[in-house]
J.: 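After the structure tokens below, expect a handful of questions from me.
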Amino acid sequence: MAERRTTSTTSTTTTITIETTSTTGAALTGHQSAEPDLGVLAAQVLFSVQRELFTALAEQGFDDIQPRAGAVLAYLRADGIRASELARVSGQHKQVIGTLVDDLERLGYVERRPDPADRRAKLVCPTERGLLQMAAATAIMRAIEERHAEALGKQEYAAFKTTLHRVAGLQHEAQRDRQDGSQGSSQGAGTRTGHPSGEGN
């Protein structure tokens with residue numbers, strides 16, 4: 001029986017959402033392949049790194065945060081960041097970010113402060129506990145990366161990360177282009193019917 005699993009982000013890593021099936025190990029593309037595809041490989045790395053990171057964090061006393069909180073924690077800055085910017089860089093909906101910030105605020109990891117650049121806006125800022133968590137996560141991820149660099153060789157691992165950054169960027173651009181094209185089609189359809197899209201009454 002296939003198990004559907006959706007996850008997002010780890011600290012210091014790019015936020016992504018991937019679906020896999022445990023029975024075939026294949027991404028939900030409607031076919032099986034002899035070679036793992038990009039989705040499967042990305043999921044394998046994500047799930048494994050995520051487990052190691054949050055297990056290590058729990059051992060250091062940060063056992064009250066869930067992996068989904070990485071959509072916020074991975075992009076926090078010591079001087080704060082707006083929720084709208086968190087949504088943009090993480091790829092999560094603003095309402096999702098708002099809920100995560102509420103949870104982390106309740107747990108004592110972040111707090112909302114007025115933005116000096118715009119008093120009407122709020123910054124999501126790490127508390128003292130939040131800063132400790134950020135430092136711990138950075139150290140854990142550094143150890144993970146150093147282990148892989150030692151196994152592969154520093155040059156090969158650096159080349160791998162460079163290529164992975166490029167693939168992630170290309171994937172992001174493709175997704176953005178599809179969204180822009182979809183919005184353009186909707187607006188065009190509204191114009192052709194004699195009224196703006198969404199205003200048919």
Side-chain angles (χ1 to χ4, degrees), residues 1-51 53-54 66-77 81-104 121-124 141 145 157-201:
M1 181 176 180
E3 173 188 4
R4 184 172 180 174
R5 181 178 183 182
T6 303
T7 189
S8 62
T9 82
T10 62
S11 292
T12 73
T13 59
T14 303
T15 302
I16 56 176
T17 300
I18 299 172
E19 294 181 339
T20 61
T21 54
S22 58
T23 53
T24 65
L28 300 179
T29 55
H31 67 276
Q32 298 184 35
S33 173
E35 291 289 337
D37 62 26
L38 177 62
V40 172
L41 292 174
Q44 290 174 348
V45 173
L46 172 63
F47 296 151
S48 180
V49 170
Q50 192 176 66
R51 283 193 297 269
L53 171 63
F54 281 89
Q66 300 297 319
R68 67 192 185 99
V72 172
L73 296 174
Y75 303 100
L76 269 184
R77 296 196 295 257
I81 182 173
R82 292 184 182 182
S84 58
E85 181 66 6
L86 282 171
R88 186 188 69 81
V89 297
S90 69
Q92 298 291 324
H93 194 278
K94 290 181 181 179
Q95 290 181 338
V96 174
I97 293 297
T99 299
L100 293 175
V101 171
D102 288 342
D103 292 343
L104 290 170
K122 296 286 187 179
L123 291 176
V124 180
M141 289 304 305
E145 293 209 50
Y157 183 69
F160 160 74
K161 282 197 68 177
T162 297
T163 301
L164 187 59
H165 272 293
R166 292 181 62 189
V167 171
L170 291 169
Q171 183 65 29
H172 178 73
E173 290 178 7
Q175 182 178 6
R176 184 179 58 193
D177 290 344
R178 284 196 299 270
Q179 291 174 343
D180 291 345
S182 177
Q183 292 174 357
S185 297
S186 297
Q187 293 173 355
T191 301
R192 286 191 297 273
T193 56
H195 53 76
S197 179
E199 298 180 4
N201 294 328

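Values below: all heavy atoms of this structure, side chains included; hydrogens, waters and symmetry mates excluded.
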J.: Which heavy atom of V124 sits nearest a heavy atom of A83, and at what distance?
T.: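 Reported closest heavy-atom pair: CG2-N, 4.3 Å.
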J.: Of all the heavy-atom pairs spanning Y75 and I81, show the shortest one and how long it is.
T.: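 Y75 and I81 have their closest heavy atoms at O-CD1, 3.7 Å.
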J.: If you round to the nearest 0.5 Å, how far is CD of Q171 from CZ of R176?
T.: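 Those atoms lie 12.5 Å apart.
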J.: Dump the intermediate steps for side-chain contact (heavy atoms from CB on, under 4.5 Å) on E145 and Y157, then the final yes or no.
T.: CA-CA 9 Å; E145 293 209 50; Y157 183 69; 2.8 Å; yes
J.: Could you grab the distance from atom NZ of K94 to atom CZ of R88, nearest 0.5 Å is fine?
T.: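 Spacing of NZ (K94) from CZ (R88) equals 11.5 Å.
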J.: Ignoring hydrogens, what is the shortest heavy-atom contact between L104 and A69? Give both atom names and the distance.
T.: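 Closest approach of L104 to A69, heavy atoms only: CD2-CB, 4.0 Å.
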J.: Quick one: closest heavy-atom pair of A87 and H93, and the distance?
T.: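 That would be CB-C, 4.4 Å.
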J.: What's the spacing between L170 CG and Q175 CD if we round to 0.5 Å?
T.: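 Separation between the atoms: 13.0 Å.
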J.: Let me confirm one number: the CG-CD distance from L41 to E35, rounded to the nearest 0.5 Å.
T.: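 Between L41 CG and E35 CD, I get 8.5 Å after rounding to 0.5 Å.
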J.: With no hydrogens and no angle check, is any side-chain donor or acceptor of S90 less than 3.5 Å from a backbone partner on L86?
T.: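 Confirmed, S90 side chain pairs with L86 backbone.
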J.: Supply the atom-to-atom distance L73 CG to Q66 CD, rounded to the nearest 0.5 angstrom.
T.: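 With rounding to 0.5 Å, CG (L73) is 11.5 Å from CD (Q66).
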J.: What distance separates R68 CZ from T99 OG1, expressed to the nearest 0.5 Å?
T.: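 Going from the CZ atom of R68 to the OG1 atom of T99 covers 7.5 Å.
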